[in-house]
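Quick one: the structure is below, questions incoming.
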Amino acid sequence: MRAFSYEKATSAEAAARAAAAHDGARFIAGGTNLLDLMKLEIETPVHLIDVNGTGLDQITETADGGLRIGALVRNTALAADPRVRAGWPVLTRALVAGASGQLRNKATTAGNLLQRTRCPYFYDTAQPCNKRSPGAGCAAQSAGAFSRQLGIIGISDACIATHPSDMAVAMRVLDAVVETVTPEGETRAIPIADFHRLPGDTPEQDSVLRPGEMITAVTLPAPVGGAQAYHKVRDRASYAFALVSVALIRQPDGTGRVALGGVAPKPWRRAEADAELPNGAAAVMARLLDGARPTDENAFKITLAERALAALLAEG
Ligand code: SF4
């Protein structure tokens, strides 16, 4: 690990200003991803800004019946909150499907959104990776590469990595909004649909955050009701990232919403696929995964996604 300087921020605005004042600064809260990346020298920040003292650890009700989740709310606390369990149960189900109990105790709402991909070549510094070293190439797309875990849609010739979060998939199906503050003190409200980027030619940029901009909260709109479920298919029963995950909200009349994890660089949802829910899983996936470009190793994800949704729909 390389040497770095460290400071504690006491407000989000001060943290954002400090980040803008140091080239190569990073915020740190739970550190469940960043510290691993620093040990491997994949991330080499020269300055760490500890945001644990910024007071953003509360869950509050909004005037329109929604919830405002502070950036520092730990995944365990969010999953267990009685209001979340009653009104937005798909979020609780997605959270408890993620990582391990110890990691969920430390991991924060903002950090979960900002975690980096688990592409094995991103973590192997002996391999070329455009996300880690722009312009280096993509080892995951070389002949014989191991791409079983990687993306099938929304990907590019530069990068086929997936976003690993379970929480973000539930937030996508709930139409959450990410709130931020910039170093200039301005605030932004970014729909989660627009928060994570597709790789295109610049896979090193995972989100639309600007330099120094800090997440302060995620807001959930008022509960939409319906039967809510999250189904995660993975290689191990726990402590594994999704091969495919499905977040589903289904209303009594058969309409609803669907988002997928494990298939794309961001939580994957399309309005035209939601509209096909009354017509069954095959009809939904024909729209949701239209244009998929899988590798030989991960083409199974198309069938797996359809069957995972069909299993949830069969539960009623
Ligand atoms: Fe890097 Fe993306 Fe290629 Fe993985 S898929 S090696 S993260 S560029």
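When a ligand or atom number is given, it counts from 1 through the structure's own listing order. When a residue number appears, it is its place in the shown sequence, counting from 1. Since the model is a prediction, treat every value here as computed from it, not as a measurement.
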Just which atoms of ligand 1 are under 4.0 Å from any heavy atom in A158? 8 (S)

Protein N, O or S atoms less than 2.8 Å from atom 4 (Fe) of ligand 1, ignoring waters? C119 SG

Any chain of hydrophobic side-chain contacts (each under 4.5 Å) joining I215 to V73? yes

Could you tell me whether D157 and R293 make a salt bridge, using a distance below 4.0 angstrom between a side-chain N and a carboxylate O? yes

Under 30°, 30 to 60°, or over 60°: which ring-plane class applies to H22 and H47, parallel, tilted or perpendicular? parallel

Can you spot which of V46, L48, T44 makes a side-chain contact (heavy atoms from CB on, under 4.5 Å) with F4? L48

Should we count CG of D235 as having more than 12 external heavy atoms under 6.0 Å? yes

Any donor-acceptor N/O pair, R197 side chain to T202 backbone, under 3.5 Å: yes

